[in-house]
Amino acid sequence: MDKKIIPPPFKIKMVEAIRLIPRKEREDAIRKAGFNTFELKSEDVFIDLLTDSGTSAMSDNQWAGMMLGDEAYAGSKNFTNLKNAVNEVYEFPYVIPTHQGRGAEHIMSQALIKKGDIVPNNLYFTTRRVHQELAGGKWCDVSVKEATEAQSTFLFKGNIDIRKLHALILKARKEGVTIPYISMEACVNMAGGQPFSMGNLWDVRNISLKYRIPLYLDATRLVENAYFIQQREKGYWGCSIKEIVSQICSLCDGITVSAKKDALVNIGGFIALRDENVFQKMRELVVVWEGLHTYGGLAGRDLEAMARGIYEMVDDDYIAHRVKQVEALGGRLEKSGIPIVTPIGGHAVFLDAKRFVSHVPQKAFPAQALAAAIYVESGVRTMERGIVSGQHGNEPYDGLELVRLTIPRRVYTREHLDYVADGIIALYKKRGTIRGLKMIYAPKTLRFFQARFEEL
Ligand SMILES: *Cc1c(COP(=O)(O)O)cnc(C)c1O
């Protein structure tokens, strides 16, 4: 028996039909969508790897919890259950629910950043950076250089470059500029779903304590990061995912979370904190933007599903299967000579468009063009993570040019992912036919969601 196949640690008891529309209709659909996969209709998509955000399959246990929603305006028992889950798994005493991750980022940024501050980050996440900037802060990259090297096989591309961070702090002090907090993301999405190591987190924590600058994590993909620490870092092999998650949290002052990822729900998020004063401040803001501090823009049933998802996400068998499923897809592509980002990330396989369509220059949006071509070839929806997502106005950008194949949790089988790999391998053989794009419309912020293109 092939030992490498790990069967899913669940069975399926409800199904949703999907359909592959004919190629001619796919060509029409992508043109109508302005060659932007965000503008496609879900019913025109066969296998949807756009994102793993809010696309998880909930368990029978979570669905059962949905029927126990206590829809009281204040003090719902589902909030108590959520608070207990966060206390137990992340081990933070204070919890503020929000409608999703960006709601949490908005509140954290508005509460802590003032105009002229600088915020060090390990690369960036789109919404997190926008909220830091809208609050008047200046985003500063302190990621290790391997983070943007698609071909580097470094195991912890999510690390912060300690020397860069240190230099930034000294410079800020000299110039009298405030650093309100250090912002660190788990399993850095923009680097390809790449983890930080516990050793690096300790180093960052020591700097944070030495200079009295709080450390706040974007813990949206903390469980996947914990899995990589367990698998790759010396001394953690015998630890459970839950133990590693709690150790990570013990090294920081608070977290923001989009529960639409790790926590296996379709909507939800939260902030968790250790400092009571910071908690009071953010609690005042949540009632302005999200909803009362015991529901934060969510129904009681959503809070319950999130509470139950938090316990399920730290199941060792579940998370091993999830990450291995991503690894199996990436492994097949890699074996066929498709250029991908290595090591393979926790939630997604990233195609390196600069090498896949090397005849398309960056100003003709290679990753955007490749994502559109994959849809036409196979009905599979993916997402651009390159200059369209990365560039902000007219700043220079020579970073990564990636297409993300994101695997929703507990949704697709190995056969689905084999189909995806077959389609990409077939497309790679005729990659010379893929044409670059011209941008004909771009919104001012987060342009990748709504930008439109024409074929060159
Ligand atoms: C998805 C995500 C967010 C934003 O969360 P939403 O729930 O989409 O608002 C923030 N940070 C990271 C790392 C994410 O993956």
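Start at 1 and go down the list; that is how both ligands and their atoms are numbered.
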- Message: Applying ring pair (Phe, Tyr, Trp, His ring centres under 6.0 Å) as the test, list every pair that has at least one member in residues 50-72; sequence neighbours left out.
- Response: none

- Item | Lys/Arg cation over aromatic Phe448: Arg385, 6.0 Å, 45° cone | yes

- Looking at Tyr441, does the NZ or CZ of Arg452 lie under 6.0 angstrom from its six-membered ring centre and within 45 degrees of the ring axis? no

N/O donor to acceptor pairs below 3.5 angstrom from side-chain atoms of residues 207-216, sequence neighbours left out:
residue : atom : partner : partner atom : Å
Ser208  : OG   : Arg205  : NH1          : 2.9
Ser208  : OG   : Ile213  : O            : 2.9
Tyr211  : OH   : His166  : NE2          : 2.6

- For residues Val95 and Ile271, determine if any side-chain heavy atom of one lies less than 4.5 Å from a side-chain heavy atom of the other. no

- Note on the structure: Hits for ring-ring contact (aromatic ring centres under 6.0 Å, His included) against Tyr94, two or more places apart or cross-chain, chain-then-number order -> Phe279

- Message: Given a heavy-atom cut-off of 4.0 Å, could you list the residues near ligand 1 in chain and number order?
- Response: Gln100, Gly101, Arg102, Glu105, Phe125, Thr127, Glu185, Asn189, Asp218, Thr220, Arg221, Ser258, Lys260, Lys261

